[in-house]
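Reading through the structure tokens given below for one structure.
We count ligands from 1, going down the list as the structure has it; atoms in each ligand are counted the same way.
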Amino acid sequence: MARGGAGAEEASLRSNALSWLACGLLALLANAWIILSISAKQQKHKPLELLLCFLAGTHILMAAVPLTTFAVVQLRRQASSDYDWNESICKVFVSTYYTLALATCFTVASLSYHRMWMVRWPVNYRLSNAKKQALHAVMGIWMVSFILSTLPSIGWHNNGERYYARGCQFIVSKIGLGFGVCFSLLLLGGIVMGLVCVAITFYQTLWARPRRARQARRAGGGGGARGGGPGGLGTRPAFEVPAIVVEDARGKRRSSLDGSESAKTSLQVTNLVSAIVFLYDSLTGVPILVVSFFSLKSDSAPPWMVLAVLWCSMAQTLLLPSFIWSCERYRADVRTVWEQCVAIMSEEDGEDDGGCDDYADGRVCKVRFDANGATGPGGRDPTQVKLLPGRHMLFPPLERVHYLQLKKLDLAAAAAHTFFVANPAHLQMREDMAKYRRMSGVRPQSFRDLETPPYWAAFDTGLEHLGRQEAGLALPWLEEALQESLAQVESCRAGCKGLECGGQGSRCGHWTRVLQCRQRCVGDVATRPGRSLPVPDFLPTQLRRLHEAHAQVGNLSQAMENVLSFLLFYPEDEAAKTALDRYQAQLGEPRPGLGPREDIQRFVLRSLGEKRQLYYAVEHLGASFKDPDPWTPAAFIPEALREKLREDQEKRPWDDEPPQPKPLTHWKDVLLMEGVTLTQDARQLNGSERAVLDGLLTPAECGVLLQLAKDAAEAGARSGYRGRRSPHTPHERFEGLTVLKAAQLARAGAVGSQGAQLLLEVSERVRSLTQAYFSPDRPLHLSFTHLVCRSAIEGEQAQRMDLSHPVHADNCVLDPDTGECWREPPAYTYRDYRWAALQGLGGVPGWGLTACLLSSSLPSGLLYLNDDFQGGDLFFTEPNALTVTAQVRPRCGRLVAFSSGVENPHGVWAVTRGRRCALALWHTWAPEHREQEWMEAKELLRGPEKNEGEDVASRDPGPEPPSRRLPRLQDKAGKPPRIREEL
Ligand SMILES: O=C(O)CCC(=O)C(=O)O
Ligand SMILES: [Fe+2]
């Protein structure tokens with residue numbers, strides 16, 4: 001704009017300056033707000049959010065530097081006729097303006113490119129570390145834009161008269177033909193690329209994907225014969241891809257991406273990106289391109305061009321925030337944004353999110369796929385959701401990520417532990433916790449359960465001390481646990497008052513409901529967070545423990561007080577009576593005033609009063625009452641109800657095992673009975689506490705279990721639970737099935753109930769055998785049962801170097817460097833190290849068994865179902881995790897049982913072809929920790945609603961308690977029900 005040229009337009013240019021300043025300030029604030037909103041709303045910036053933030057940042061710079069410079073210069077020129085552009089100000093203006101104009105254009109293009117990529121090739125997108133690529137793209141964009149835009153300023157180009165020689169003539173034709181052409185071509189390229197990508201994205205979202213989904217439905221629907229499929233296909237995630245976590249060899253998380261995107265989110269984001277592209281094209285890209293073209297053509301730059309270009313840029317910076325704001329996903333309120341600001345101020349940088357290939361020193365990097373896979377309303381198995389309450393399923397992992405980002409490792413570990421306790425089958429969490437353990441800054445105490453109410457924590461700590469024979473230390477904890485449990489019961493009972501008077505409307509009906517509610521309180525308090533069944537006999541158990549602890553420290557009168565309290569629940573308990581007699585004899589004189597605890601006396605009396613009323617209502621008023629307590633005296637129960645109640649109580653899962661374990665069969669008897677052969681003992685396996693036993697399953701039984709795994713995987717595929725890549729290796733697919741899940745699927749008709757029942761039965765078979773072999777005088781309980789199939793992914797096996805399952809110990813965290821194995825989380829049965837000792841407590845006959853053997857490890861069992869695959873042998877190593885000491889080839893019915901400590905590190909060679917299925921079983925000595933899911937599954941399978949046509953259940957009853965004989969499934973050919981194949 002030559003000074004003095006085109007007077008009127010020049011004046012209008014100046015009169016616009018004030019508006020530019022005002023708009024510039026507004027744009028600056030709006031864009032800054034948007035960046036904060038995005039950061040506050042998104043736990044973690046994904047590539048798209050990163051690009052949006054960069055775009056807003058570019059706009060801030062545009063408003064703050066070139067536009068403001070231009071407006072200020074114009075205003076100063078207005079104020080003083082002596083003032084004019086000078087060379088350096090003009091150069092700064094031109095280079096920043098063009099750098100930012102090009103950066104905006106490229107960022108918009110890359111935004112649309114990323115969206116297209118994500119929609120068109122979602123899995124590839126997740127695997128490609130798109131965030132890193134977005135960062136690289138932004139860096140490249142800035143570099144190219146900056147270099148191109150500063151070249152004219154350093155004199156690379158001289159088109160006769162320099163653009164800053166008279167005023168500051170920044171329209172491309174005045175800068176130079178070469179620059180003008182380059183700039184216009186780049187702009188054009190950016191515009192075209194943006195439009196093409198948006199077109200492909202829309203095509204994919206609105207046309208191609210729905211069509212593919214329709215085809216898939218048609219192909220898989222098959223007339224709905226299998227039924228039970230999840231409804232609401234419309235809510236299925238738009239992309240079902242597994243969540244992917246990338247870690248380096250030391251377990252440091254390098255990046256993680258959530259897998260799926262719901263259809264709603266997907267459409268929202270696509271709309272936003274295309275709106276941004278169109279906004280940019282119509283307001284900036286195309287107008288500037290047109291102006292540049294005409295200015296080049298006519299080799300002139302009248303002030304209207306300047307006006308047009310500057311206003312276009314200003315409008316763009318102003319409108320982008322409003323577009324982003326209109327997208328619910330990124331709209332945050334003032335409070336959230338403020339909190340984000342505070343977090344940014346107070347915290348250091350977030351987690352390092354670079355990719356693995358930053359490692360020049362050859363450290364390996366591992367890509368892991370979340371075993372839970374896709375999230376989203378339609379993507380999760382409904383039975384799973386039912387099983388795991390929302391808070392367990394969702395919050396701890398999210399919190400964990402949040403804490404990780406804030407570098408609050410202690411809390412992150414606690415959140416992970418909380419989640420793991422509630423979801424012990426979650427393999428990713430199991431692994432994550434192993435990583436946490438190795439991180440500096442995470443202490444063993446960090447692994448605490450954030451959801452455990454204090455009385456559970458006190459109870460657990462008390463038991464832990466008891467287990468270490470520290471009765472004195474245990475006492476305050478156990479006492480606190482009991483008092484707190486009683487207080488919880490009280491507060492629960494108080495809540496029953498407010499029950500609504502509905503239903504029958506009569507006062508009596510209402511009172512019955514209040515009483516029923518009060519009676520349920522003990523059960524509620526006795527239910528651990530995340531569990532659905534209460535710990536049976538919670539209060540009597542606590543009294544027993546207290547009594548044991550007092551007895552150990554020689555506190556006879558208090559021991560007696562607690563025995564007497566226990567006897568209020570079970571007046572006929574022989575062991576308690578014996579203990580009482582003994583204490584009385586030891587104390588000599590009968591002590592006046594020595595009786596049961598007052599709190600327990602009050603509790604029992606009140607409870608009995610309520611029971612009496614409730615049973616009266618049941619008998620005479622037709623009310624219903626399911627007595628939660630096994631200790632209710634028979635005299636309280638109307639005769640007519642006794643038989644039924646007895647049956648009901650027999651049905652209770654915890655009554656499936658006899659309360660006083662009978663002397664257990666020696667393993668040799670078990671072998672004879674079951675037709676099982678000991679194929680290799682510890683000596684033959686070059687180690688200690690290892691054994692290979694054959695003949696646990698008939699081929700027919702293996703077939704049923706394999707079918708179960710297959711059906712479950714298929715059923716899961718329909719409801720979002722399908723074979724994911726293994727948590728241990730990206731070259732295998734992994735399907736895991738717990739007993740409860742199998743039972744739920746069987747109930748839903750998705751798998752045969754025969755398979756689910758057999759799974760229960762077989763796990764029990766393994767338990768009794770393992771107990772007989774490793775623990776003949778100490779009852780062993782199942783703590784976790786998992787049917788796991790690993791399938792080689794075709795085309796990914798060549799030159800494969802990794803293992804199917806890395807070397808590990810089941811019940812402690814192996815440190816190959818020192819050969820030590822830490823008995824700490826996240827080993828599945830870690831609790832047993834705390835509880836192992838409890839079996840030997842008390843010294844009261846019948847109340848405890850043998851001396852505590854803290855040093856011994858619980859046995860694990862692996863029961864194999866097939867051998868028609870390549871690779872996949874189990875191997876044992878030295879504690880160094882390197883020297884292989886024994887190797888076992890899986891086959892149908894083969895059980896490998898071994899103690900789970902440092903003496904038995906083991907792993908699985910890569911499965912390079914086919915599918916390998918096995919039942920993995922972990923055990924516990926603590927009845928409190930026996931697998932509740934197992935009992936729930938048994939209940940479920942026993943439930944009244946049997947599927948039609950499933951008469952197998954009646955032929956093949958559910959698993960029996962360990963002492964009873966188990967029926968074996970026959971081969972079709974009617975062969976004897978056992979196999980005795982040699983190795
Ligand atoms: O499947 C196998 O052979 C071993 C599995 C195993 O060691 C485990 O799950 O802990
Ligand atoms: Fe294992």
Side-chain H-bond candidate by donor/acceptor type, T785 with W934, under 3.5 Å: no
Donor on one side chain, acceptor on other, N904 and S899, under 3.5 Å: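 Indeed, the side chains of N904 and S899 share at least one donor-acceptor pair under 3.5 Å.
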The Fe ion (ligand 2) to nearest N/O/S of H805 below 2.8 Å: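 No, outside the cut-off.
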W922 and ligand 1 - part of the residue with a heavy-atom distance under 4.0 Å: side chain
Which segment of R916 sits under 4.0 Å of ligand 1 when only heavy atoms are counted: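 The side chain, only.
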Against heavy atoms of [X], which atoms of ligand 1 measure under 4.0 Å?
{"X": "V908", "value": "2 (C), 3 (O), 4 (C)"}
{"X": "L862", "value": "2 (C), 3 (O), 4 (C), 5 (C)"}
{"X": "Y864", "value": "2 (C), 3 (O)"}
{"X": "R790", "value": "1 (O), 5 (C)"}
{"X": "L874", "value": "3 (O), 4 (C)"}

Under 3.5 Å: donor-acceptor pair, side chain of Q771, backbone of L780: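 Yes, Q771 side chain to L780 backbone: donor-acceptor pair under 3.5 Å.
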Exam field: side chain T885 to backbone F876, donor-acceptor pair closer than 3.5 Å: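 Looks like yes, one N/O pair under 3.5 Å.
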Aromatic ring pairing W922/F784, orientation class (parallel under 30°, perpendicular over 60°, tilted between): tilted
Plane angle bin for H808 and H805 - parallel if under 30°, tilted between 30 and 60°, otherwise perpendicular: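 Rings of H805 and H808: parallel, as their planes differ by under 30°.
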For the Fe ion (ligand 2): the N/O/S atom of H808 at shortest distance: NE2
R765 bridged to E701 by N-O distance under 4.0 Å: yes
